[in-house]
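Counting starts at 1 for both ligands and their atoms, in listed order. Remember, predicted model here, so these are calculated numbers, not experimental data. Only heavy atoms go into these numbers, but all of them, side chains included; no hydrogens, no water, no symmetry mates.
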Amino acid sequence: MFTDKIELKDFDKMDPEYKDLLGHVLTIQADCEIGGPHLYVETMLPAAPTKLDQLIVARTAAEEIDHYRKVARVAGDIGVDVSFVLSQPNEKRFVDAFRGLITNWEDNAVFGFLIDRIGRYQLEEFYDCSYLPLQRILSDIVREELGHIQYGCNKTLEMIAQGDEGKAKAQKAVDYWYVRALDMFGRTGSKRSERYRYWGLKRRSNEQARQDYIDEVNPILEKMGLKVPDPIKGRHYL
Ligand SMILES: [Fe+2]
Ligand SMILES: [Fe+2]
C-alpha cells in the first residue's frame, strides 16, 4: 500500500502505473463534469418552468463547467490534455448516464437527486488521496455538488406533492436513473479499482462505494413514498 503524499514536483518520479491511473481518473472526472451541462442545457434551460428554475439550471451548468476547468487544470499540469471531452458527442461519454439527452423536468430533477450524488461519491473517493493537487480542489466542488443534489431532491419532492400523476412521473424517472447510478460505480471485483486503492488514489472498492450509496439513497426514496427499483434489472456492470 502506497501511503506517501505527492505534489506536482514529485510526479515525474512516480511509477508509470501511478501516472497512468491518475491521468485516467482525471480524464473520466473531466468528462463527467462537462457531461452534465451537455445533457440538459440545450432543452431544459429555455423550457424552465420559472425564472428561478432557469437561473438555477444556468448556475448549475456554470458550476459544472468550472468543475471541469479545475479538473482539467490538475490534468494539464501532469501533461494530460482532457480538452477533447469539451466537444465529444454525448454518445461517446465514458459513463453511460451521460450518453443521452434530458428532455423533461422529471428526468432533470431526478438526475440532480441521484446522479449529482454519484458525482459527490466520485469526488469523495479522492478525500485524503495521495495526489495533493487533486485533494485541494475537492472541497469547493463538493460544496456545489451538494447544492445540485438538494435542488434535485426539492424538485422531485415538489413533483410528488402534486399528486398521483406527479408521483408516477417521479417514479418513472427514478426507475430510469437508479440503475444507471448503480452502474456508475463500475464492476464488482474490478482489478483497476484495486490498483487505485493500492496507490492511495481511491478509498473504497467499487462494490463498497455502491453499497454505501444504496444505504444512503434507499431510505430517502422510501421516505419520499417512492418504490426502490430492482437494483439488478437493466444493469450493465455488476
Ligand atoms: Fe460537478
Ligand atoms: Fe453537479
Side-chain angles (χ1 to χ4, degrees), residues 24-45 48 52-76 80 82-88 90 93-127 129 131 133-157 173-174 176-178 180-186 201-203 209 212-213 216-217 220:
H24 187 69
V25 82
L26 289 171
T27 306
I28 294 177
Q29 192 61 38
D31 191 59
C32 289
E33 296 294 359
I34 207 68
H38 286 241
L39 278 182
Y40 51 72
V41 164
E42 201 179 326
T43 319
M44 291 295 99
L45 193 59
L52 181 62
D53 288 306
Q54 193 163 50
L55 193 72
I56 292 174
V57 175
R59 191 188 60 191
T60 302
E63 287 173 353
E64 300 300 5
I65 292 164
D66 190 54
H67 299 171
Y68 162 81
R69 291 173 66 242
K70 287 186 164 97
V71 174
R73 170 73 188 270
V74 174
V80 175
V82 298
S83 61
F84 71 96
V85 306
L86 284 172
S87 52
Q88 106 171 320
N90 288 6
R93 295 274 166 224
F94 283 90
V95 173
D96 223 37
F98 296 101
R99 289 187 192 146
L101 265 187
I102 290 181
T103 55
N104 61 61
W105 277 92
E106 50 272 25
D107 280 328
N108 201 67
V110 174
F111 181 86
F113 166 36
L114 292 180
I115 306 296
D116 282 281
R117 191 181 303 266
I118 301 277
R120 191 196 97 212
Y121 268 73
Q122 285 170 337
L123 295 161
E124 284 174 356
E125 283 307 307
F126 309 134
Y127 277 0
C129 77
Y131 193 60
L134 173 57
Q135 223 189 89
R136 287 189 197 104
I137 63 171
L138 296 176
S139 65
D140 286 347
I141 302 182
V142 169
R143 187 170 24 82
E144 290 171 349
E145 289 306 341
L146 291 172
H148 305 169
I149 298 165
Q150 195 55 54
Y151 176 68
C153 270
N154 292 345
K155 296 309 281 184
T156 307
L157 282 168
V174 164
Y176 179 82
W177 292 110
Y178 185 83
R180 281 164 182 78
L182 299 188
D183 265 347
M184 284 176 81
F185 291 101
L201 287 169
K202 290 192 180 190
R203 300 186 298 137
D212 290 350
Y213 178 87
E216 179 179 304
V217 160
I220 304 176

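- Applying the 6.0 Å contact sphere to CD of E216 captures more than 12 heavy atoms from other residues, nucleotides or ligands.
- Looking only at its N/O/S atoms, H67 has ND1 as the one nearest to the Fe ion (ligand 1).
- Checked for salt-bridge contact, R117 and E145 miss the test: no charged N lies under 4.0 Å from a carboxylate O.
- The neighbour count for R69 CZ, taken as heavy atoms of other residues, nucleotides or ligands under 6.0 Å away, does not exceed 12.
- Between L26 and V74, some side-chain heavy-atom pair lies under the 4.5 Å cut-off.
- Among the atoms of E64, an N, O or S atom falls under 2.8 Å of the Fe ion (ligand 1).
- The Fe ion (ligand 1) is the vertex of the angle joining OE2 of E145 and OE1 of E33, which measures 150° to the nearest 10°.
- Geometry about the Fe ion (ligand 2) gives an angle of 110° between ND1 of H148 and OD1 of D116, rounded in steps of 10 degrees.
- Side-chain contact of D53 with Y151: a donor-acceptor pair under 3.5 Å is present, judged by distance alone.
- When distances to the Fe ion (ligand 1) are checked against a cut-off of 2.8 Å, C32 contributes no N, O or S atom below that limit.
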